[in-house]
Colleague: 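Below you will find the structure I want to go over with you.
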There are 2 protein chains.
Amino acid sequence: MAATKPTVDKRRIILDAAVRVFARQGFHTCRVSDIADEAGVAYGLVYHYFGSKDEVLDTLFLERWGLLVEAIAEIDRRDVPARDKLHAVASFIVDSYRHDPELMKVIIVEVTRAANSFGAAHLDTISDAYRQIQGIVEKAQANGEFRTTVTAQFAAMAFYGAIEQVLTGWIFGLLEQGEDSYERAKDHVVETVCRGLETYTPAP
Amino acid sequence: MAATKPTVDKRRIILDAAVRVFARQGFHTCRVSDIADEAGVAYGLVYHYFGSKDEVLDTLFLERWGLLVEAIAEIDRRDVPARDKLHAVASFIVDSYRHDPELMKVIIVEVTRAANSFGAAHLDTISDAYRQIQGIVEKAQANGEFRTTVTAQFAAMAFYGAIEQVLTGWIFGLLEQGEDSYERAKDHVVETVCRGLETYTPAP
DNA sequence: GCCCGGGTTGACTGACGAGTCAATCCGTGG
DNA sequence: CCACGGATTGACTCGTCAGTCAACCCGGGC
């Protein structure tokens, strides 16, 4: 049975080290040995747990994106106005960044926005999230909360794009950061995008 | 003087070939020899005109981004409402894509969104565009066209992010394309983002 | 005490591709 | 007709890693 199990989970250690290395040097510019060094393990051990360098990034991405998709699905099931749902989605993404900026940086920079290399392989998984947001908008359009002048598909892309660009701004130091900024960002994205989608907006 | 000038501009031919190759295979996955082959010139000639593989991409990016920044500056000088200015900016970007999808794909995928590799080097140039959009919003806020609840910097990022995400959707076949879609996209981005920014929105 | 097997090690290999360079071509001026 | 020099050629070099593998370590079962 479970022989040699009490040892710490080296696989996890390698994954965590990879996040730091990818965030610092980028996937393409780092060597597998950098990951091993950062993790404090031998080079070969990386290949004991992962089939290739790519698989390390794949694993990180799928782990995290799975959580996102799951979270959006749960949010969509709530019985609240679309605006609140979208606020919750924005909230989840922003909080993901707040909780682990390095991991989010890696996922956005190396996968989500790297549509030629990794994005291509995961395009379908990535668009799962887009489709879910689209679903939220569609329902809101059906029940009259949102106007139908803009297609749901388009609105979803605009919404997600706005958030991702803001995260990118943080990641590269173009936008002011801090607890306040994070909270404001959630409101602002929704304020900006939803107000444009809603059927009626009271004058301020 | 101008010896051997009548020959076609090989430099240009190489650049154009590079666009096709980068768009098809991606910058990292293509070889310099692929560019040379596509251009129908010898391998070494690429190095006669460019110092490195990177410099080819740099050149393509700077050429095009320069036009964008210039265009936004010109638009900003016009004496029209902010909404119209932003519509013109969206228009310019969408038309750039319509006019040369491959070049725009390369610029977005390999530079603008590749913040670790090339984006890093050009971060400043890239954000020139963001800053200009920010300027348009700031003026609109100053003269009361736009509300000040959302910072201009933030609005600029959201606006640009929304457009870029839509282009990305086209690039990877996630969003329906065609003349109609392009025209609608311009209106929709502005409709979506500006409506959320304006001080007063008439009921639909 | 001894064997078994999975965890762990790190030196080594093989492929690949950016960049070099000496040779060749060819238009122009004298 | 020749010499000059920039344009053009493509075979070759050289460094860099991703991935392999044979050996080693060590806990558990017998």
Side-chain angles (χ1 to χ4, degrees), chain A residues 1-61 106 110-111 114 116-118 120-121, chain B residues 1-61 106 110-111 114 116-118 120-121:
Chain A
M1 63 207 72
T4 322
K5 213 39 179 309
T7 32
V8 272
D9 186 355
K10 291 283 176 71
R11 191 185 131 95
R12 191 73 251 165
I13 288 177
I14 291 170
L15 282 173
D16 292 345
V19 169
R20 275 173 266 132
V21 174
F22 291 161
R24 192 192 316 134
Q25 307 174 230
F27 180 82
H28 292 290
T29 18
C30 85
R31 287 160 289 176
V32 173
S33 65
D34 292 332
I35 302 176
D37 290 352
E38 176 82 25
V41 301
Y43 185 91
L45 199 61
V46 175
Y47 285 91
H48 179 71
Y49 287 109
F50 303 94
S52 66
K53 188 187 176 188
D54 287 18
E55 199 181 304
V56 177
L57 180 54
D58 285 345
T59 305
L60 288 171
F61 167 71
V106 170
E110 305 294 349
V111 187
N116 254 331
S117 36
F118 279 84
Chain B
M1 63 207 72
T4 323
K5 213 39 179 313
T7 33
V8 274
D9 187 355
K10 290 285 176 72
R11 189 187 133 95
R12 191 74 251 163
I13 288 177
I14 291 170
L15 282 174
D16 292 344
V19 169
R20 275 173 267 133
V21 173
F22 291 162
R24 190 192 317 134
Q25 308 175 227
F27 179 82
H28 292 290
T29 20
C30 85
R31 288 161 289 178
V32 172
S33 66
D34 292 331
I35 302 175
D37 289 352
E38 176 81 25
V41 302
Y43 186 91
L45 198 61
V46 176
Y47 285 92
H48 178 71
Y49 286 109
F50 303 93
S52 66
K53 187 186 176 188
D54 287 18
E55 199 179 305
V56 177
L57 181 53
D58 285 346
T59 305
L60 288 171
F61 167 71
V106 170
E110 306 294 349
V111 188
N116 255 330
S117 36
F118 279 84

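Chain identifiers are assigned alphabetically (A, B, ...) following the order of the sequence lines, protein sequences preceding nucleic acid strands; residue numbering begins at 1 within each chain.
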Colleague: Give a yes/no on whether any side-chain N or O of A/Lys53 is located under 4.0 angstrom from OP1 or OP2 of D/dC17.
Modeller: no

Colleague: Nearest whole angstrom, please: distance from the P of D/dT8 to the CZ of B/Phe50.
Modeller: 12 Å

Colleague: For D/dA7 and B/Lys10 - does any side-chain N or O of the residue sit under 4.0 Å from the phosphate oxygens OP1/OP2?
Modeller: no

Colleague: State which of D/dT8, D/dG19, C/dG19 makes the closest approach to the side chain of B/Tyr47.
Modeller: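 So the nucleotide nearest the side chain must be C/dG19.
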
Colleague: Flag the pair A/Cys30 / A/Arg24 as yes when at least one side-chain heavy-atom distance between them is below 4.5 Å, and no otherwise.
Modeller: no

Colleague: Between D/dG6 atom P and B/Leu45 atom CG, what is the distance in whole Å?
Modeller: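 These atoms are roughly 15 Å apart.
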
Colleague: List the residues meeting side-chain hydrogen bond (donor to acceptor under 3.5 Å, both in side chains) with A/Arg20, not counting sequence neighbours, and say none if there are none.
Modeller: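 Result, side-chain hydrogen bond (donor to acceptor under 3.5 Å, both in side chains) vs A/Arg20: A/Glu38.
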
Colleague: Within a strict 4.5 Å, meaning less than it, do heavy atoms of the A/Lys53 and A/Leu57 side chains meet?
Modeller: no

Colleague: Give the residues of residues 36-44 of chain B touching DNA chain C, defined as any heavy atom closer than 4.0 Å, sorted by residue number.
Modeller: B/Tyr43

Colleague: Suppose we screen for ring-ring contact (aromatic ring centres under 6.0 Å, His included). Which residues come up paired with A/His48, at least two apart in sequence or across chains?
Modeller: none

Colleague: Taking C-beta and beyond as the side chain, do A/Ile35 and A/Gln25 meet within less than 4.5 Å on heavy atoms?
Modeller: no

Colleague: Could I get the full list of ring-ring contact (aromatic ring centres under 6.0 Å, His included) partners for B/Phe61, not counting sequence neighbours?
Modeller: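 Only B/Trp65, B/His122 meet the ring-ring contact (aromatic ring centres under 6.0 Å, His included) criterion with B/Phe61.
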
Colleague: Does any non-hydrogen side-chain atom of A/Asp58 lie less than 4.5 Å from one of A/Phe118?
Modeller: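 Yes, side chains in contact.
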
Colleague: Sequence neighbours left out, what passes ring-ring contact (aromatic ring centres under 6.0 Å, His included) with A/Phe22? Give chain and number order.
Modeller: A/Phe27

Colleague: Check every atom of D/dG19, D/dA7, C/dT8 against the side chain of A/Tyr49 and return the nucleotide holding the closest atom.
Modeller: C/dT8

Colleague: Going by heavy atoms closer than 4.0 Å, what residues in residues 15-34 of chain B are next to DNA chain D?
Modeller: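 None - not one residue of the stretch has a heavy atom sitting under 4.0 Å from the strand.
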
Colleague: Please state whether the phosphate of C/dG7, meaning OP1 or OP2, lies under 4.0 angstrom from any side-chain nitrogen or oxygen of A/His48.
Modeller: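 True: A/His48 side-chain N/O within range (under 4.0 Å) of C/dG7 OP1/OP2.
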
